[in-house]
Amino acid sequence: MITKKMEKALNEQINKEFYSAYLYLAMSAYCNKINMPGCEHWFRLQYDEEIIHMTKLFDYLMQHGGEARLMKIDEPAAEFGSALSAFEAALKHEQFVTQSINELLNVAVEEKDHATQVFLQWFITEQVEEEANAKEIVDRLQMIGDNGAALMMIDDKLGQRLPPAPAAEA
Ligand code: FEO
């Protein structure tokens with residue numbers, strides 16, 4: 001049976017994953033507006049990925065005897081300045097989520113909740129990948145600056161991103 005403190009922390013993480021999905025959907029819309037369809041596609045798939053993260057937490061919480069509480073989701077920005085700025089904001093956000101997952105694991109350790117500690121290992125590994133993916137794109141966009149042809153090439157490449165595996169397989 002899950003403790004109230006662990007239940008609250010998992011519910012807060014569900015809210016953060018929902019916000020992440022919202023944020024990436026807003027970034028996708030922004031990239032549509034600035035005519036970067038590859039970036040739009042990449043952020044749209046990132047939205048799907050965050051919904052998978054949220055669903056994993058949501059399902060686990062109830063399976064573990066907890067009560068899921070859906071909280072208000074903050075409104076993300078609509079304007080990001082440039083594709084580079086959007087990806088920089090995405091990287092910063094992933095670093096925030098990594099910190100949040102680490103704190104969640106600290107709660108599981110404090111609560112002596114071994115099952116949740118094991119469950120969270122997937123998220124710990126996932127965050128390494130999430131940060132690396134965003135950082136790679138930021139580095140490339142910084143490197144090319146205002147080079148229009150190179151920007152189009154990166155946009156094309158980001159447009160080739162494949163959908164994430166469904167929650168049950170992830
Ligand atoms: Fe759910 Fe991008 O971390």
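Ligands are counted one by one from 1 in listed order, and the atoms in each one are counted from 1 as well. Note that the numbering runs from 1 along the sequence shown for the chain.
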- Item | Test salt bridge (Lys or Arg N to Asp or Glu O under 4.0 Å) applied to E88 and K92, step by step | CA-CA 6 Å; E88 283 173 338; K92 203 167 159 211; over 6 Å; no
If only side-chain N and O atoms count, and only distance matters, is there a donor-acceptor pair under 3.5 Å linking [Y] with [X]?
X    : Y    : result
Q95  : Q99  : no
Q117 : Q121 : no
Q13  : E17  : yes

- Task: Kindly give the atom name of the N, O or S atom of E17 closest to atom 1 (Fe) of ligand 1.
- Result: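 Nearest N/O/S atom: OE1.
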- State the atom name: nearest N, O or S atom of H53 to atom 1 (Fe) of ligand 1.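 Nearest to atom 1 (Fe) of ligand 1 within H53's N, O and S set: ND1.
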- Rounded to 10 degrees, the angle OE2 of E130 makes with OE2 of E94 at atom 2 (Fe) of ligand 1: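 Centred on atom 2 (Fe) of ligand 1, the OE2/OE2 angle is 110° (to 10°).
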- Return the name of the atom in E50, of element N, O or S, nearest to atom 2 (Fe) of ligand 1.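 Atom name of the closest N, O or S in E50: OE2.
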